[in-house]
2 protein chains.
Amino acid sequence: MRAIVQHTFGGPEVLRLEEVDQPVPLPSELLVRVKAIGVNPVEPLIRSGRFKLLGEPPFVLGWDVSGVVEHVVPGTSRFQEGDEVFGMPFFPRGAGAYAEFVAAPNRHFARKPASISHAQAAALPMAGLTAWQALAEVADVGPGDRVLVHAGAGGVGHLAVQIAKARGAHVIATASAAKHAFVRGVGADEVIDYRTVDFAEAAKDMDVVFELIGGEYADRSLATLRPGGLLVTAIDRMDAALAERTRAAGFRFAGVSVEPDYVGLEAMAALVEDGRLRPHVGLALPLADAAVAHELSESGRATGKIVLEP
Amino acid sequence: MRAIVQHTFGGPEVLRLEEVDQPVPLPSELLVRVKAIGVNPVEPLIRSGRFKLLGEPPFVLGWDVSGVVEHVVPGTSRFQEGDEVFGMPFFPRGAGAYAEFVAAPNRHFARKPASISHAQAAALPMAGLTAWQALAEVADVGPGDRVLVHAGAGGVGHLAVQIAKARGAHVIATASAAKHAFVRGVGADEVIDYRTVDFAEAAKDMDVVFELIGGEYADRSLATLRPGGLLVTAIDRMDAALAERTRAAGFRFAGVSVEPDYVGLEAMAALVEDGRLRPHVGLALPLADAAVAHELSESGRATGKIVLEP
């Protein structure tokens, strides 16, 4: 099969389309024919060697996939050959989704909602599970909760807004003015232009703040929380001093990473089928153009998810 | 840390206690200090090279563990340092549980029930998830169902009897006469001595038959099923001709493997806390005696689970 292999750390040009062995599924695993692969911001960091999550090259990057079950090893009852599935297999260990096939545990997949394309489904796992695990599992957001989502137009943010809304929250999101219509369109009750308005003045009495931006945003967010409110941040933004300031001010603090989890995938698929969650794809490119996808991702010019199609 | 390493395929003597690097947990993973390791029948098959699930040595065997969370990588909200957990990390890929520490995804673990020992908890994951996935997930056993469990005194069987009973089924189990008291003790409504009685005559109108013995047992079990009844067998016993005969006779057929799954672990932990599920440990040995554990496991002389303790 064809896959994007890299043999050294480096710029996007190290991503090469090569012929490699098709992966072999073990008992309880699926062989999935990949229809679309979601490109995530972590992948250029790994490619370049700035974040050595997969150790040294050679390796095949990629986790977010949507595709069709090509082969079911006997003993798997959740899926049949021909089923459409999506998931994020083996994160944070190597899955190798920039390829024509992946083999992975069936419990790392859920059924793809029929109402969205493979490209949309491939945009959902990593960003969606991040938002789901932060808002549903860690924060347990429920009806009437006041939730502040920073970067509400971002890859995770636009899903976080929809998930919080689907759980009945009152959602305030930050976004630049050009993206307000998009953020309102995905359901935000209030949108703050963080460039012209101090969000710490504009948002008050929040039950939950979800932020992946880091730096002063986390600290300034504390002023928006109600007593006992919860600040949820990404694990790579976690900071012991911030945690201490948060607790000293009478708030709660939690980090979230992202983990393969069919329970979360199924919950999101149900929201998609109900019309309450819609992932936004900015651009689909052929698999061979993985380097272009990384260039665009790193440039910050892309809006919406970049997806590769084998 | 110390671990049982094997550098070649061979007899139990290839299992050597060695000093190896402590595993490093990645984001979303736990580092667990292992208190007990369950030895499963598949492990001597892998050690000897009869079943090359892990490829070529060197490797560290073992999946079933119970222990204490030594380190939580930030971003994991399900557990804290010091929590007691049990699970079956990374099966069927390599976990390396015959060791003082394992590092694995937190979603491969659940909280150890306080009412059982680490040795008992380490006896539960692989055998228990096999029974749980067969009876709860595949067969969806419910109140009033008539369920036949073959080898009801076995490692999987005695848990299958308890799980089927906890779900309200009428359970008939097979066992040799010497083990009838044990099988009744774990809740079987009827016990058949398969050595003196033809179970295919003694059990009738079954909704579900669960068997891991294979050979003629599966075929003879068909006679016990009601029309439309379900035969659940282990994947390594699955046989296309048997599947065809099963379907031709008007019955359903399914295989089950076993997969890491916190949902199943949590369900079993709840049954344990309710006093409805109790794993049976036959023998606990020090980790250094892994070779002895394999000898006993292969001899068939051990009754109940063999557990290793670092």
Side-chain angles (χ1 to χ4, degrees), chain A residues 24-30 42 51-55 72-78 80 88-94 103-109 129-130 133-134 136-140 230 232-240 242-243 252-264 266, chain B residues 24-30 42 51-55 72-78 80 88-94 103-109 129-130 133-134 136-140 230 232-240 242-243 252-264 266:
Chain A
V24 177
L26 295 180
S28 83
E29 295 186 343
L30 305 178
V42 72
F51 181 33
K52 296 195 177 178
L53 184 63
L54 297 179
V72 175
V73 177
T76 291
S77 57
R78 295 180 65 232
Q80 296 188 312
M88 189 187 73
F90 288 120
F91 187 83
R93 301 194 180 259
N106 80 73
R107 279 167 210 263
H108 289 183
F109 295 96
L129 285 172
T130 301
Q133 289 168 12
E137 298 189 6
V138 175
D140 194 20
L230 174 68
V232 185
T233 190
I235 59 160
D236 56 339
R237 314 294 184 194
M238 285 179 81
D239 171 315
L242 172 63
R252 294 173 299 134
F253 185 69
V256 69
S257 64
V258 56
E259 311 168 40
D261 180 35
Y262 70 98
V263 179
E266 287 174 352
Chain B
V24 177
L26 296 180
S28 82
E29 295 186 344
L30 304 178
V42 71
F51 180 34
K52 297 194 176 176
L53 184 64
L54 297 179
V72 175
V73 177
T76 291
S77 55
R78 296 180 63 231
Q80 297 188 311
M88 188 186 76
F90 289 121
F91 187 83
R93 301 193 180 260
N106 79 74
R107 280 167 210 264
H108 289 185
F109 295 96
L129 284 173
T130 301
Q133 290 167 12
E137 297 188 7
V138 175
D140 193 20
L230 175 68
V232 185
T233 189
I235 59 159
D236 56 339
R237 314 296 185 192
M238 284 180 82
D239 172 315
L242 171 63
R252 292 173 300 135
F253 185 68
V256 68
S257 64
V258 57
E259 310 168 42
D261 180 35
Y262 69 97
V263 179
E266 287 175 353

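So you know, we letter chains A, B, ... as the sequences are listed, proteins then strands, and number each from 1. No hydrogens, no waters, no symmetry mates; every other heavy atom, side chains included, goes into these values.
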Fill in the blank from the handout: dist B/Tyr262:OH -> A/Tyr262:OH (nearest 0.5 Å) comes out at 6.5 Å
Fill in the blank from the handout: Residues B/Val24 and B/Ala103: closest non-hydrogen pair is C-CB, 4.0 Å
Problem - Segment of A/Val258 engaging chain B (4.5 angstrom heavy-atom cut-off) - result: backbone
Handout entry: Contacting region of B/Val72 [heavy-atom separation from chain A under 4.5 Å]
Key = neither
Problem - Counterpart residues, side-chain hydrogen bond (donor to acceptor under 3.5 Å, both in side chains), relative to B/Glu259 (two or more places apart) - result: A/Asn106, A/Arg107
Problem - Contact origin within A/Pro92 toward chain B - heavy atom pairs under 4.5 Å - result: both
Practice task
Could you list the residues that satisfy side-chain hydrogen bond (donor to acceptor under 3.5 Å, both in side chains) with B/Arg252, not counting sequence neighbours?
Solution key: none
